[in-house]
Amino acid sequence: MPRLSVLVGTRKGLFVLSADRARRKWRMDGPHFLGEGVNHAVADPRDGRTLLAAVKAGHLGPTVFRSTDAGATWSEAARPPQFDKAPAGDAVDHVFWLTPGHARHPGRWYAGTSPQGLFVSNDAGATWEGVAGFNDLRATAPWIARGQDAPPDGATLHSINVDPADPRHLYVGLSTGGVFESHDAGASWKPLNRGCAADFLPDPEAEYGHDPHCLRVHPRSGDVYQQNHCGIYRLDRATRRWERIGNAMPREVGDIGFPLVLHPRDPATLWVFPMDGTTVWPRTPVGGRPAVYGSRDAGRSWKRMDRGLPPSQAWFTVKRQAMGADGLDPTGLYFGTTNGEVWASFDEGASWHCLCLHLPQVHSVEAALLA
Amino acid sequence: MRVILPSPLASYTANRREVEAQGATVDELLADLDRRYPGIRFRMIDEQDAIRPHVKIFVNRHQVASVASPLAPGDEVLVVAALSGG
């Protein structure tokens with residue numbers, strides 16, 4: 001019987017919360033990689049046994065650890081993501097994002113890094129190569145961030161998504177830079193930002209330079225949503241234009257945040273975690289009252305879902321990888337906070353329970369059914 | 001020759017802080033070290049062959065700036081890694 005596991009990557013290691021399918025009793029395993037930062041830990045839905053973790057210890061070089069026995073043992077990638085050697089070439093500072101490849105390509109994974117780079121593995125994370133169609137553009141493409149444009153922790157390539165209908169169709173998010181897509185397995189890339197606001201750019205119809213926070217492609221329908229620095233959006237595939245579905249959020253809450261989660265079966269259902277994006281951008285729950293907002297109609301309307309969450313004076317942040325859904329019915333939702341809490345809902349967001357306290361700052365939360 | 005490693009790298013060497021490796025340059029020594037303890041080199045040296053910013057390598061108590069630095073039999077190599085960050 002597969003067990004439900006929630007992989008919690010933190011600033012000081014990886015923790016695994018496990019439960020049976022009833023989700024009543026939980027136990028914690030870990031820490032793995034104690035003291036090392038885990039930016040993302042992801043299970044392979046194609047085999048239910050392979051786990052990859054993006055790990056970096058302090059000032060040492062970045063790497064990827066992999067487990068082929070559902071987390072019982074871990075080994076390091078023989079060749080972690082690294083740029084080609086070149087005069088004045090860049091070095092990967094950290095691996096930020098991990099995405100399993102298409103179901104038709106077992107063993108394929110993608111990794112996004114800071115500085116912005118895209119890497120692929122065809123042996124379940126043991127060895128990694130740069131995706132030349134992206135990485136070769138780094139020297140010349142104006143939409144790939146340079147050092148001086150970088151956010152405090154460095155410019156990142158994140159939100160790698162594979163179109164469920166076409167394994168050659170890839171999406172990535174660049175912070176900053178925007179959303180880009182490839183229809184030829186990464187050989188060439190085009191911006192996909194029309195209709196998306198970039199309040200910090202002078203051109204309201206800028207082709208690139210945007211700041212997607214989290215892009216999600218529905219695993220069945222291929223519908224595309226993003227939580228952006230400037231709102232919540234749904235892509236109109238026919239016109240390749242983003243529609244700001246965050247306009248339907250309560251005005252006093254706004255539509256700024258980091259994570260965005262899709263229902264695994266219903267492409268019209270999604271959840272976000274709004275943050276205060278006013279003045280200097282505190283990035284905390286609006287008014288200190290944390291709430292998930294959910295939509296059942298592809299963002300035309302939203303419902304506040306805060307039962308069980310702290311009613312006031314809660315000032316944590318939920319990072320872009322730190323919210324996810326399981327594949328059970330009803331869908332379980334999970335998010336981790338920068339103050340080391342993990343919260344869960346087993347009724348699709350209607351009510352919330354704290355699964356654990358006192359972890360290090362949570363970087364990522366991914367739920368999976370493991371063999 | 002004798003190589004002394006910092007605690008953040010001890011997971012590669014079964015917690016041994018002093019190990020043996022051979023080479024006529026720091027680069028060769030690190031390659032030998034990586035053969036014995038796979039993955040350890042990339043934690044210290046990036047893909048452009050630069051010593052990572054907060055890693056220092058000393059040969060006989062003198063800091064070296066490049067992996068091209070020569071080594072002689074009997075040299076002692078000390079690797080130091082910063083622990084800043086909280």
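In what follows, chains carry the letters A, B, and so on, assigned in the order in which the sequence lines appear, proteins first and then strands, with residues in each chain numbered from 1.
- A donor-acceptor pair is defined here as one N or O able to donate and one able to accept, closer than 3.5 Å; no such pair exists between the side chain of B:Glu47 and the backbone of A:Gln82.
- Taking all atoms of both residues into account, the shortest heavy-atom contact from A:Ala57 to B:Arg43 is N-NH2, 3.5 Å.
- Between A:His59 atom NE2 and B:His54 atom NE2 the span is 4.5 Å, to the nearest 0.5 Å.
- In this structure, A:Glu76 does not pair ionically with B:Arg41, as no charged nitrogen and carboxylate oxygen lie closer than 4.0 Å.
- If you measure heavy-atom distances from A:Pro62 to chain B, the contacts under 4.5 Å come from both the backbone and the side chain.
- In this structure, chain B has a heavy atom under 4.5 Å from the backbone of A:Pro81, while its side chain stays farther away.
- Within the model, atoms CG of A:Leu60 and CZ of B:Arg52 stand 8.0 Å from one another, a figure rounded to the nearest 0.5 Å.
- To the nearest 0.5 Å, atoms NZ (A:Lys85) and CD (B:Gln48) are separated by 7.5 Å.
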